[in-house]
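What follows is one structure encoded as structure tokens, with my remarks underneath.
The structure displayed is predicted, hence computed values, not measured ones.
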Amino acid sequence: MTGRADRRTDRALLLTFDDRHVREWAATAPLFARYDARVTFFVCEPDRLDRDETRLLRRLADDGHTVGCHGLRHERAPDFVAAHCAGAYLEREVVPALESLRRLGFPARSFAYPCSARDETTDRLLLTLFERLRGGVPVDRRADPSLADELRVPAAELSARRVLLGCSVDSGRGAVAYEDDLTGVVAALRRTAGIGGVTTLYAHCVAEAHEANHVTPARLERLLALAGELSLPCVGFDELP
């Protein structure tokens, strides 16, 4: 499997995908290749991956993409800690997921919070196991041009910044279509391309329609094309300094 690559990270897009939509992600690999994009897949329920999903995920990793951890059963971290305790959260939700991924050959150096639910306590807890964490901003912020300042991490601060915030670019869930205005997301990409740093985005399944959160291939390609026009490389979490 590919190790850390020496790719430019003074300005970059961190495009990430959550949950366990391995077959749909693998089907999208030609699109990623077309735009020379390396992305991060944050996988939950790794113990439930079947043989074919494991093979496809390994192929994605071999293509240079990053595989990270998204928990064993997609539990909201602060709620689980409040209900059970910090130790139980690690023992029942995080460590088993991390060990499952590593047994399959994925280092899983980073963790994405399910539902972006986090606080300072869970950050301190998880940073004992992971190099970086990904949280998120409210979905309704993606139409806000001021989002650019909140999402972008300056290049000079990147090495020390261990918690990165992302914004959803999903198109919908089931029959529900999400807000189509990505003004804030586009502003963030343009700001990052112009003055450097990294901006993080996230989605889930890649599909025209799906019962789960999903981004359509057309929307995903528009974002990748915009990053290409801006000369903004798309890199994985494992490529960060």
Contact check, side chains of [X] and [Y], non-hydrogen atoms, under 4.5 Å:
X      : Y      : answer
Tyr178 : Arg173 : yes
Asp170 : Val139 : no
Glu93  : Arg73  : yes
Asp144 : Glu150 : no
Trp25  : Val43  : yes
Asp149 : Arg191 : yes
Leu220 : Leu15  : yes
Tyr35  : Cys234 : no

Mind checking whether [X] and [Y] sit in one hydrophobic cluster, side chains of I, L, V, M, F, W, Y counted as touching below 4.5 Å?
X      : Y      : result
Val169 : Leu31  : yes
Phe111 : Leu158 : no
Leu60  : Leu201 : yes
Leu133 : Leu98  : yes
Leu226 : Leu147 : yes

If you compare all heavy atoms of [X] against all heavy atoms of [Y], which two are closest, and at what distance to 0.1 Å?
X      : Y      : result
Pro114 : Glu75  : CG-O, 3.5 Å
Tyr89  : Ala77  : OH-CB, 3.3 Å
Ser110 : Phe237 : OG-CD2, 3.5 Å
Leu223 : Leu182 : CD2-CD1, 4.4 Å
His214 : Glu208 : NE2-O, 3.9 Å
Val235 : Ala12  : CG2-CB, 3.9 Å

Determine yes or no for a side-chain-to-main-chain donor-acceptor pair under 3.5 angstrom, with [X] supplying the side chain and [Y] the backbone.
X      : Y      : answer
Thr128 : Arg124 : no
Tyr113 : Thr122 : yes
Glu239 : Gly236 : yes

Report the distance from atom [atom1] of [X] to atom [atom2] of [Y], rounding to the nearest 0.5 Å.
X      : Y      : atom1 : atom2 : value
Arg11  : Leu232 : CZ    : CG    : 8.0 Å
Leu151 : Cys167 : CG    : SG    : 5.5 Å
Asp52  : Arg55  : CG    : CZ    : 4.5 Å
His204 : His70  : NE2   : NE2   : 5.5 Å
Asp123 : Arg118 : CG    : CZ    : 4.0 Å
Arg58  : Leu49  : CZ    : CG    : 9.5 Å

Between Phe17 and Phe32 (judged by ring centroids, cut-off 6.0 Å), do the two rings come close enough to count as a pair?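 When the ring centroids of Phe17 and Phe32 are compared, they turn out to be within the sub-6.0 Å range.
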Aromatic centroids of His21 and His210 separated by under 6.0 Å: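 Yes, ring centres under 6.0 Å apart.
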Would you check if there is a donor-acceptor pair between the side chains of Arg134 and Thr16 at a distance under 3.5 Å?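 Present: a donor and an acceptor within the cut-off.
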Are Arg103 and Ser100 linked by a side-chain donor-acceptor pair shorter than 3.5 Å?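 Their side chains do contain a donor-acceptor pair, which is all the 3.5 Å distance test asks for.
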Worked check of side-chain contact (heavy atoms from CB on, under 4.5 Å) between Leu90 and Leu125: CA-CA 8 Å; Leu90 290 183; Leu125 193 65; 3.6 Å; yes
Enclosure of Arg161 CZ (heavy-atom neighbours >12, cutoff 6.0 Å): yes
Does Arg219 CZ have over 12 foreign heavy atoms under 6.0 Å away? yes
Taking the basic N atoms (NZ, or NE/NH1/NH2) and the acidic carboxylate oxygens, is any pair closer than 4.0 Å for Arg23 and Glu53?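 Yes, this pair counts.
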If we check side-chain contact (heavy atoms from CB on, under 4.5 Å) with Leu14, which of these qualifies: Thr66, Thr192, Thr40, Leu164?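 Result for side-chain contact (heavy atoms from CB on, under 4.5 Å) with Leu14: Leu164.
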Is there a side-chain contact (heavy atoms from CB on, under 4.5 Å) between Leu129 and Val95? Walk through the geometry before answering. CA-CA 9 Å; Leu129 296 176; Val95 172; 4.2 Å; yes
